[in-house]
**Q** 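Could you have a look at this structure, given as structure tokens, before my questions?
All values derive from a computational prediction rather than experimental measurement. Positions are given from 1, in the same order as the sequence printed here.
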Amino acid sequence: MVLKPSELTPLTTLALAEAAVEAGLPPGALNVLTGRGRDAGAHLVGHPGVDMVSFTGSTPVGTGIAAALINSGQDCTAATRAYVQRPLYRQFVDGVAERIRSVCLGPTPEPDTDRDR
């Protein structure tokens, strides 16, 4: 995974990467690419070895990223899989089930919709 933070906030992402290493993440599993979006970000998005881009930012930048993608960037980020170490599996499943049970479904305008009960 490669994270490319905003050029205005690179230190928080570097601190996250350091914490990941201290937590035992294998070397190379998380990489941080710093630099200006128009340079480093554009190279990352346009690289043929990059299979997926998840982006948060301005509409003009998003439009530029979408122009380089087959599906024009119109893809839901709906996680369908979670990789969990065997010793943590049951705890993870129970925790997700508990969290899902707390979701309140309803009409979007309602203040309690999609919030913990």
**Q** Could you report the tightest heavy-atom contact between Pro5 and Pro10, atom names first, then the distance?
**A**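 Minimum heavy-atom contact is CG-CA, 3.9 Å.
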**Q** Among the clusters formed by ILVMFWY side chains lying less than 4.5 Å apart, do Val84 and Val96 turn up in the same one?
**A**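 Val84 and Val96: one cluster.
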**Q** List the residues meeting side-chain contact (heavy atoms from CB on, under 4.5 Å) with Ala40, not counting sequence neighbours, and say none if there are none.
**A**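 Expected list: Lys4, Leu33.
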**Q** Taking only residues two or more places apart in sequence or in another chain, which ones pass side-chain contact (heavy atoms from CB on, under 4.5 Å) with Ala17?
**A**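 Testing Ala17 for side-chain contact (heavy atoms from CB on, under 4.5 Å), a comparison that skips the adjacent residues, returns Leu30, Val32.
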**Q** If you define the side chain from C-beta out and look only at heavy atoms, does anything of Leu3 sit under 4.5 Å from Leu16?
**A**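 They are in side-chain contact.
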**Q** Applying salt bridge (charged side-chain N to carboxylate O under 4.0 Å, His left out), which residue pairs with at least one partner in residues 35-47 are found, sequence neighbours left out?
**A**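 Listed once each, the pairs would be none.
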**Q** Hydrophobic cluster membership, with links at side-chain heavy-atom distances under 4.5 Å among I/L/V/M/F/W/Y: are Ile100 and Leu88 in one?
**A**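 Yes, it is one cluster - the side chains of Ile100 and Leu88 are joined through contacts under 4.5 Å.
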**Q** His47: what forms a side-chain contact (heavy atoms from CB on, under 4.5 Å) with it, not counting sequence neighbours?
**A**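 Testing His47 for side-chain contact (heavy atoms from CB on, under 4.5 Å), a comparison that skips the adjacent residues, returns His43, Val50.
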**Q** Taking only residues two or more places apart in sequence or in another chain, which ones pass side-chain contact (heavy atoms from CB on, under 4.5 Å) with Ser6?
**A**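 Expected list: Leu8, Thr9.
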**Q** Verify the cluster assignment for Val21 and Leu14: are they in a single hydrophobic cluster under the rule of side-chain heavy atoms below 4.5 Å apart?
**A**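 As far as the 4.5 Å side-chain criterion goes, Leu14 and Val21 are not connected within one cluster.
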**Q** List the residues meeting salt bridge (charged side-chain N to carboxylate O under 4.0 Å, His left out) with Asp94, not counting sequence neighbours, and say none if there are none.
**A**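 Per chain and number, Asp94 pairs via salt bridge (charged side-chain N to carboxylate O under 4.0 Å, His left out) with Arg90.
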**Q** Ignoring hydrogens and angles, tell me if any N or O in the side chain of Glu7 forms a donor-acceptor pair with the backbone of Gly37 under 3.5 Å.
**A**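 Between the backbone of Gly37 and the side chain of Glu7 there is a qualifying donor-acceptor contact (under 3.5 Å).
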